[in-house]
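Chain letters run A, B, ... following the sequence lines, proteins first, then strands; residues in each count from 1.
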Amino acid sequence: MRRVQIYDTLSRETRLLVPITPPKIGLFVCGLTPYDEAHIGHGRTFVTFDVVARALRRWGYRVFYVQNVTNLDDRLIQRGGEEGIDPLVLAERHFAGWTVSMQRLGVRSVNYYPFATDYVPEILAQVRQLVDGGYAYATTGSVYYDVSRFPAYGKLSGQRIEAQRPGTRVPAEPGKRAPEDFVLWKAATPGEPSWESPWGPGRPGWHIEDTAITVRLLGARYDIHGGGLDLKFPHHEAEIAQAEAATGTSPLVNFWMHAGMLNLGGEKMSKSLGNVIRLAETLDACGPDVLRFFYLNAHYRSPLDFVEGKSLEESAEAFGRFIAPYRRLSGLLEREGAERPGAGLPPETAEAADGLVQRLDEVMASDFNSREAIALLFGWVRNVSALPQPFESLEGGALETLLAPYRWSEEVLGLPIRGDGAGASEELAGAVRIALDARRRARERNDYSEADRIRDELRAAGIHVEDRGGTTHWELRAAPE
RNA sequence: GCCAAGGUGGCAGAAUGGUUAAUGCGACGGACUGCAGAUCCGUUUCCUGGGGGUUCGAUUCCCUCCCUUGGCUCCA
């Protein structure tokens, strides 16, 4: 296992990652509340942690990556009411849309997406623990966390509750002893989904689902907790207070990782500001590779400004140059195979490729510096482009040598994105599904000439079809030249 | 007001107690082309917010001020 340095937001220092139970890494990332479509700010956060998981796995860590889905909260209930839909159904519907976008973006490393409502027994058990331990109190059917009972509250964000401005955004709730106390269990309003509890019918508060899920799935203490920087306070602070009080184990996690915000014209992109750019539309417009490249072209902790009409155009130019040699090399290999005869390369070239891959692992192991990795990869683009021999003259092994740094990029950065439909628009993906469905039916009636005709037509259109163990996969590739 | 993260060339955006501060975009010049495009090559020496301090040496460490963004119970 490679030595990995990670910046921890809690201690504000970069430290060596030491797994609690080597080689396992428990990774929890605060997921989404699917009350609306995903925007490109969400994409940045989830691509960030996708790369973290990919890199750690490459280096021999066994990562268990859990990302929760808050499928019931105030916004879902409100939106469901407006649209006349059961909030749980609404959540299900939007989650499906998020999943499609994330797949297109190449986010593949999440092992499990727990839904909050599937963990109500765990949530109730944890609320019970907190009440019994004197960390929480019940009033009028709701249960609140008593922040004054947890002196470490504020250690993550550096906040001191006495310095807080009195809450102006949310009116004081009746029954709360102090404005900073937060709800663990919320008394039901008629017509809302609710569950029976010792305090009456109700539903979970926002913060409690995460800790109920992580204690169950990852234990009282685990390795890495990730999320957007905007969740640091109060959400992550509340998680620490809940979990450490409930389990008596401190710290809850060894590393807090926070992804920087994606800003739009110098402002954070958020639904409340109304300045969102939808993820699905952006993927259609520029293709997922370009967006993923844009994200990874900055350090994950830095704020990243998105400028309409500029950021993606610039990334498209850069990504195009980055990937051009890859497309030519891999195209040759796919058409003619690794056994293709031809000229070899001087041994220095293979050594340089090995050395570069080493360097790439090093810079990524230094707090996941994807920007530095991309800079190094551009050096390789230059070397490969300036090679005196044309690619067509090289033997298969030489082509693989030249591709080695790209293979690293595919594995760790997820660039280019590979897999079913990566890079395709919704319309194209739909058309391919129809074509593949027709092909499947043709194969079922043993009409292989028709099945092959469909496959050849798709191939001519730049869609590569492959049958693997009973299922059919496809991806966009440059059409045969 | 309090807390946090930042301020690097025309733009985006890395890194580092010490030779020319990466990489990309853009721009300019060239190769290729009938032309264009695509691609490739080269150039782009004058860039580290202001002021102090530590040091032989600071963009990097410390102090201070200014500015930007985020958070202060909706947030990825």
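Spacing between atom CG of A:Asn297 and atom C1' of B:A14 amounts to 10 Å, rounded to whole angstrom units. Following rounding to the nearest Å, A:Asp305 (CG) and B:G13 (P) show an atom-to-atom distance of 7 Å. Taking atom CZ of residue A:Phe233 and atom C1' of nucleotide B:A5, one finds them 17 Å apart after rounding to whole Å. Computed from coordinates, the A:Phe322 CZ to B:U23 C1' distance equals 12 Å when rounded to whole Å. Following rounding to the nearest Å, A:Arg44 (CZ) and B:A12 (P) show an atom-to-atom distance of 15 Å.
Residue contacts for A:Gly41: at a heavy-atom cut-off of 4.0 Å it reaches a base atom on one of the strands shown. A:His258 comes within 4.0 angstrom of no nucleic acid atom, judged by non-hydrogen atoms across all strands. Contacts of A:Leu229 with the nucleic acid, taken as non-hydrogen atoms under 4.0 Å apart, are absent. Looking at heavy-atom distances under 4.0 Å, A:Gly31 makes contact with sugar-phosphate atoms alone, never a base. Across all strands, A:Ser311 comes closer than 4.0 Å to no nucleic acid atom at all (heavy-atom distances).
The side chain of A:His39 lies closest to B:A76, out of B:G24, B:A76, B:A5. Distance from the side chain of A:Trp206 is smallest to B:C74 among B:C74, B:A15, B:G6. When distances run from any side-chain atom of A:Glu314 to the nucleotides B:C11, B:U73, B:A14, the shortest one goes to B:C11. Of the candidates B:A76, B:C40, B:G24, the closest approach to any side-chain atom of A:Ser385 belongs to B:C40. For A:Ala298, whose side chain is taken as the heavy atoms from C-beta onward, the closest listed nucleotide among B:A15, B:G13, B:U23 is B:G13. Checking B:A76, B:G13, B:C11 against every side-chain atom of A:Leu304, the shortest atom distance belongs to B:G13. Side chain of A:Pro234, nearest nucleotide from B:A76, B:U73, B:A5: B:U73. Here the side chain of A:Arg75 is nearest to one of B:A12, B:A5, B:C75, namely B:C75. Here the side chain of A:Asn263 is nearest to one of B:C25, B:U69, B:A14, namely B:U69. For A:Gln159, taking side-chain heavy atoms from C-beta onward, the closest of the listed nucleotides B:A76, B:C2, B:G24 is B:C2.
For the pairing with A:His225, the ring-ring contact (aromatic ring centres under 6.0 Å, His included) check across A:Phe49, A:Trp256, A:Tyr65 returns one residue only, A:Trp256. Under the salt bridge (charged side-chain N to carboxylate O under 4.0 Å, His left out) rule, A:Lys310 has a single partner from A:Glu308, A:Glu313, A:Glu314, which is A:Glu314.
Separating the C1' atom of B:G34 from that of B:C25 is a span of 31 Å, rounded to the nearest Å. B:U43 and B:G24: their P atoms are spaced 12 Å apart (whole Å). Distance noted for atom P between B:G57 and B:G70: 40 Å (whole Å). Rounded to whole Å, the separation between the C1' atoms of B:C47 and B:A15 comes to 15 Å. A gap of 10 Å separates the C1' atoms of B:G18 and B:A58, to the nearest Å. Nucleotides B:G13 and B:U19 are separated by 26 Å at their P atoms, to the nearest Å. The same atom, C1', is picked in B:U59 and in B:G6; the two are 15 Å apart, to the nearest Å. To the nearest whole angstrom, the two P atoms, one in B:U48 and one in B:A5, are 24 Å apart.
Cation-pi geometry between A:Arg15 and A:Phe255 is met: under 6.0 angstrom from the ring centre, within 45 degrees of the axis. Taking the ring centre of A:Tyr119 as origin, the terminal cationic atom of A:Arg216 falls outside the region bounded by 6.0 Å and 45° from the ring axis. Remark: A:Arg44 fails to qualify as a cation-pi partner of A:Tyr295 under the 6.0 Å distance and 45° angle criteria applied to the six-membered ring.
A salt bridge is absent between A:Lys176 and A:Asp181: the closest approach of a Lys/Arg side-chain nitrogen to an acidic carboxylate oxygen does not fall below 4.0 angstrom. Checked for salt-bridge contact, A:Glu362 and A:Arg359 meet the test: a charged N lies under 4.0 Å from a carboxylate O.
In this structure, A:Phe95 has its ring center under 6.0 Å from that of A:Phe115.
Contacts between residues 49-58 of chain A and RNA chain B, defined by a heavy-atom separation below 4.0 Å, involve no residue at all.
Look at A:Arg382 and you'll find a side-chain N or O under 4.0 angstrom from OP1 or OP2 of B:G24. Close to B:A76, at under 4.0 Å from its OP1 or OP2, lies no side-chain N or O of A:Trp98.
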(message) Dot-bracket, 5' to 3', for RNA chain B please: Watson-Crick or G-U pairs under 3.5 Å, [ ] where pairs cross earlier ones, | where the partner sits on another strand, dots elsewhere.
(response) (((((((..(((.....[....)))((((((.......))))))....(((((..]....))))))))))))....
